[in-house]
> 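Provided herewith is a single structure, encoded as structure tokens, for subsequent inquiry.
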Amino acid sequence: MTGALAFLFRNYYWFKTNRLNAIGAIGIARTLNCGGFKNRKIFDPFISPNLKITKAEYKTSIATAINCFYEKLLLLKDRMKTKTGEKIALEPHRYMEQFQDEFYAEWDGKK
């Protein structure tokens, strides 16, 4: 592998290793899309996130898309595999927190 292809492969692998493709605006879009595909609710205040959920449980879960933030997305910042990944993850993580703040404010009728 040489040139551009090698560069793309190395960066794709690094990106996937750090799971940066699962957070931020893209992570939010993927989560909502996946939830819709699986016919899950966006949010239900009576369904609490399961912070100790296993992969097997997650596949059969009735968790909402918003629960996925707590069960998966917001945990990724602290699970980066490299120092660079940790630094890059800060902004997308903040964006997801801001999205949640906005979502709950609208859900509660405050906006």
Side-chain angles (χ1 to χ4, degrees):
M1 225 181 301
T2 61
L5 185 58
F7 174 80
L8 288 173
F9 179 77
R10 277 193 312 274
N11 284 297
Y12 172 79
Y13 178 77
W14 181 85
F15 206 72
K16 286 289 278 184
T17 297
N18 281 291
R19 297 182 177 200
L20 290 167
N21 59 336
I23 60 176
I26 299 298
I28 292 169
R30 289 176 60 190
T31 297
L32 295 173
N33 182 56
C34 182
F37 178 77
K38 293 181 177 184
N39 203 28
R40 292 183 177 174
K41 296 177 181 181
I42 293 173
F43 179 63
D44 183 332
F46 300 106
I47 301 175
S48 297
N50 178 356
L51 300 180
K52 298 186 190 282
I53 197 165
T54 65
K55 270 187 178 182
E57 290 171 327
Y58 190 77
K59 289 181 180 185
T60 60
S61 169
I62 61 163
T64 68
I66 295 298
N67 286 7
C68 185
F69 281 78
Y70 299 102
E71 295 167 351
K72 293 172 85 178
L73 300 181
L74 293 172
L75 304 176
L76 293 175
K77 175 181 70 74
D78 297 325
R79 294 181 179 170
M80 293 292 120
K81 304 291 185 194
T82 65
K83 292 290 180 194
T84 303
E86 289 173 6
K87 289 178 187 174
I88 292 171
L90 291 175
E91 188 59 33
H93 183 84
R94 282 189 209 113
Y95 184 81
M96 292 188 304
E97 291 176 325
Q98 291 168 348
F99 174 84
Q100 283 189 292
D101 291 343
E102 183 69 23
F103 179 86
Y104 289 125
E106 291 183 23
W107 182 270
D108 293 337
K110 296 176 182 172
K111 285 194 170 189

> Could you tell me which residues satisfy side chain to side chain donor-acceptor pair (under 3.5 Å) with T31, sequence neighbours excluded, listed by chain and number?
none

> What's the separation between atom CD in E86 and atom NZ in K83, rounded to the nearest 0.5 Å?
4.5 Å

> Which residues satisfy the ring-ring contact (aromatic ring centres under 6.0 Å, His included) test with F43, sequence neighbours excluded?
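Once residues adjacent in sequence are excluded, the partners of F43 under the ring-ring contact (aromatic ring centres under 6.0 Å, His included) criterion are F103, Y104, W107.
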
> Can you tell me how far apart CE (M80) and NE2 (H93) are? Round to the nearest 0.5 Å.
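Rounded to the nearest 0.5 Å, the CE-NE2 separation comes out at 10.0 Å.
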
> Residues two or more places apart in sequence or in another chain: which of them pass side chain to side chain donor-acceptor pair (under 3.5 Å) with K41?
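In terms of side chain to side chain donor-acceptor pair (under 3.5 Å), with neighbours along the sequence ignored, K41 is linked to D44.
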
> Can you name the side-chain contact (heavy atoms from CB on, under 4.5 Å) partners of N33, sequence neighbours left out?
none

> Could you state whether I42 and L74 fall into the same hydrophobic cluster, counting links through intermediate Ile, Leu, Val, Met, Phe, Trp or Tyr residues with side-chain heavy atoms under 4.5 angstrom apart?
yes

> Should E91 and R94 count as an ion pair when the cut-off is N to O under 4.0 Å?
yes

> Which atoms form the tightest heavy-atom contact between K52 and E57, and what is the distance?
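Here K52 and E57 meet closest at O-OE1, 3.9 Å.
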
> Supply the members, apart from I62, of the Ile/Leu/Val/Met/Phe/Trp/Tyr cluster built from side-chain contacts under 4.5 Å; use none for a lone residue.
I47

> Where do I66 and Y70 come nearest, in terms of heavy atoms and distance?
O-CD1, 3.7 Å

> Does any non-hydrogen side-chain atom of N50 lie less than 4.5 Å from one of S61?
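No, their side chains stay 4.5 Å or more apart.
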
> For A63 and R40, which heavy atoms make the closest approach, and how far apart are they?
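Closest approach of A63 to R40: O-CD, 3.0 Å.
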
> Hydrophobic cluster membership, with links at side-chain heavy-atom distances under 4.5 Å among I/L/V/M/F/W/Y: are I26 and F99 in one?
no

> Taking only residues two or more places apart in sequence, or in another chain, which ones meet Q98 in a side-chain contact (heavy atoms from CB on, under 4.5 Å)?
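Counting only residues at least two positions away or on another chain, Q98 forms a side-chain contact (heavy atoms from CB on, under 4.5 Å) with Y95.
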
> Can you give me the closest heavy-atom contact between I23 and L73, atom names plus distance?
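Where I23 meets L73 most closely, the heavy atoms are CG2-O, 3.8 Å.
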
> Determine whether more than 12 heavy atoms belonging to other residues, nucleotides or ligands lie under 6.0 Å from atom CG of N39.
no

> Has the side chain of E71 got a donor or acceptor atom that lies under 3.5 Å from a matching backbone atom of P49?
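Pair absent, no side-chain N/O of E71 close to backbone of P49.
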
> Is there a path from L51 to F69 through hydrophobic residues (I, L, V, M, F, W, Y) whose side chains come within less than 4.5 Å of each other?
yes

